[in-house]
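Order of appearance sets the numbers: ligands from 1, and atoms from 1 within every ligand. Note: hydrogens, waters and symmetry copies are ignored here, and every other heavy atom, side chains too, is used. Each residue takes its place number in the sequence, starting with 1.
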Amino acid sequence: MRNFKFYNPTKMVFGKDTISSIGQHVSSYGITKVLLLYGKGSIFKNGVYDTVISSLKDNNIQYVEVTGVKANPVVSKVREAINIMRENDTEAIIAIGGGSVIDSAKAASAGFYYNGDVWDFFGKREEVKRALPIFTILTISATGSEMNSGGVITNEEEKKKWSFGSPLLYPVVSILDPSIQSSLPPIQTANGAIDALSHVFELYFGGTDKTDMMDELSEGIIRTIIKHTPILLKDPENYDSRSELAWCATLALNGINGTGRVGDWASHSIEHSVSVLNDIAHGSGLAIVMPAWMKYVQNKAVDKFARFGEKVFNITEGSKEEIGLQAIEKLREFYKSLGAPITLKESGVKKEEIDFIANNAAMLEPLGTLMPLYKEDITKILEIAFE
Ligand code: NZQ
Ligand code: ZN
């Protein structure tokens, strides 16, 4: 195990009928005026918006709204939110939605006090020195953004989907009521599960050895997601399975799962470049890219991939290498069974676009820790992912 510091100040409020407590939580910090930030309208259909508004009114909290945050959120919307917050002297942000809304809230919260352009925080060019408090109401379990300090935003003009982070950006309070996720379309539930699994894989296969307890934790999260996601596709209102998937997704990327080891994150960088090109959902992109990455690097961690095959899919027949390769194939089959695309071709990417994606991802090269990847490696992974 590596040395580590673990810090996570987010208060998690988890469970049924918890959203109506948002006003009290905000009020307990002495905050009287907030920005409400949300997406394209799902919160009107499932009643979350009304619950939040009535809780804010009950607690005498004023609000202004910025709506229309898109999946794969863009920096222009973040700039719009910063302007509205400055004009209205808001004291905090309530993000209602998934990773796209929460990440936009994080960027807006950092940009609020900053004199330059908010994009300066991306690519590690500027450090966040001060930020507005963020409260979140999570409506789709996937990214872990509700309990971590990072965000990912697309600069649509520069065609870059990059991440940023700061310890100042942990949400103060996150409310997670799994029952409201029953309004998700099946493919969004699947995307969330795949993203959460991918976060575990990035850490599990990052190349740090002697992390037995953390590996057991990872395998537990993986098995739980594989067990409960198919149940939700048949029975979206199953609260027990919603809760299991939701807490798995949070634990996958709230820091605890990264303790004592490093994460690889090459697949995430490559997927972000796929999304820049064709605006595919992050989880769907990972269903394509991550197994291709696994095939490419499997011989760098033969024991670990074999352990994965044995502990997650109960594969015992064959050499370690064969068990690992079978496990990767099983994972692809699982993604297919969830309705996710498993090739770039299926998702609409053309063969001649591989070069654009590889160049875009290679801006941050070398990628990864298990095996440092350069443009030629990224190209080969994309070729494996193509069909
Ligand atoms: O916009 P609305 O109408 O709300 O619809 C959303 C959106 O279309 C819909 N949705 C959310 N909750 C719903 C619902 N529909 C019905 N019922 C509900 N209860 O779901 C769609 C996807 O939402 P989005 O926020 O984009 O999903 P997700 O949470 O997967 O976030 C993805 C973004 O987060 C980034 C990804 O790259 C991507 O941009 N990531 C953020 C990370 C982080 N901050 O730590 C790490 C991740 O690896 C990831 O990169
Ligand atoms: Zn992810």
For the pair Trp119 and Phe122, name the ring-plane relationship: parallel under 30°, tilted 30 to 60°, perpendicular over 60°.
parallel

Considering non-hydrogen atoms only, spot the tightest contact between Ser182 and Pro236 and give its length.
CB-O, 3.3 Å

Residue, atom and distance of the protein heavy atom nearest atom 34 (O) of ligand 1 read Thr143 CG2, 3.4 Å

Sub-4.0 Å protein heavy atom near atom 6 (C) of ligand 1:
no

What protein atoms of element N, O or S are positioned under 2.8 Å from the Zn ion (ligand 2)?
Asp195 OD1, His199 NE2, His268 NE2, His282 NE2

Measure from atom 48 (O) of ligand 1 to every heavy atom in Gln188, Gln181, His199, Glu202 and give the option owning the shortest one.
His199

Starting from atom 16 (C) of ligand 1, what is the nearest protein heavy atom, named by residue and atom, and what distance separates them?
Ser183 O, 3.4 Å

Please write down residue, atom name and distance for the protein heavy atom closest to atom 3 (O) of ligand 1.
Ser42 N, 2.9 Å

State whether the number of non-hydrogen atoms from other residues, nucleotides or ligands found under 6.0 Å of Lys70 atom NZ is greater than 12.
yes

Which residue supplies the protein heavy atom nearest to atom 33 (C) of ligand 1, what is that atom called, and how far is it?
Ser100 OG, 3.5 Å

Closest to atom 35 (C) of ligand 1 among protein heavy atoms sits Asp103 OD2, 3.7 Å

If you link ILVMFWY side chains whenever their heavy atoms are less than 4.5 Å apart, which other residues fall into the same cluster as Leu203? By chain and number, please.
Leu253, Trp265

So for atom CD, which belongs to Glu156, do other residues, nucleotides or ligands contribute more than 12 heavy atoms lying within a distance under 6.0 Å?
yes

Residue portion contacting ligand 1 (non-hydrogen atoms closer than 4.0 Å) for Ile180:
backbone

When you look at CD of Glu376, are more than 12 heavy atoms from neighbouring residues, nucleotides or ligands closer to it than 6.0 Å?
yes

Leu184: hydrophobic cluster co-members (side-chain, 4.5 Å):
Ile140

Separation between CG of Leu367 and OH of Tyr374, rounded to the nearest 0.5 Å
9.5 Å

For the pair Phe305 and Trp293, name the ring-plane relationship: parallel under 30°, tilted 30 to 60°, perpendicular over 60°.
tilted

Spell out, as yes or no, whether a donor-acceptor pair under 3.5 Å connects the side chain of Ser27 to the backbone of Gln24.
no

Are Asp177 and Arg242 close enough, and set up right, to give a salt bridge (charged side-chain N to carboxylate O under 4.0 Å, His left out), and what steps lead you there?
CA-CA 9 Å; Asp177 177 347; Arg242 282 281 167 213; over 6 Å; no

With a 4.0 Å heavy-atom cut-off (strictly under), which part of Asn148 contacts ligand 1: side chain, backbone, both or neither?
side chain

Tell me: protein heavy atom nearest atom 19 (N) of ligand 1, and distance?
Thr139 O, 3.0 Å

Can you find a protein heavy atom under 4.0 Å from atom 9 (C) of ligand 1?
no

Can you report which non-hydrogen protein atom sits closest to atom 29 (O) of ligand 1, along with the distance?
Gly99 N, 2.7 Å

Just to be sure I read this right, does ligand 1 sit under 4.0 Å from the backbone of Ile102, its side chain, both, or neither, counting only heavy atoms?
neither

Which part of Lys161 is near ligand 1, with near meaning a heavy atom under 4.0 Å away: side chain, backbone, both or neither?
side chain

Below 30° counts as parallel, above 60° as perpendicular, anything between as tilted: where do the rings of Tyr114 and Phe121 land?
tilted

Nearest protein heavy atom with distance in Å, relative to atom 2 (P) of ligand 1:
Lys40 N, 3.4 Å

For atom 30 (O) of ligand 1, which of the options Ser104, Ser284, Ala142, Gly68 provides the nearest non-hydrogen atom?
Ala142

Sequence neighbours left out, cut at 3.5 Å: what donor-acceptor pairs do the side chains of residues 30-37 make with other protein atoms?
from: Thr32; atom 1: OG1; to: Glu91; atom 2: OE2; distance (Å): 2.9
from: Lys33; atom 1: NZ; to: Asn88; atom 2: O; distance (Å): 3.0

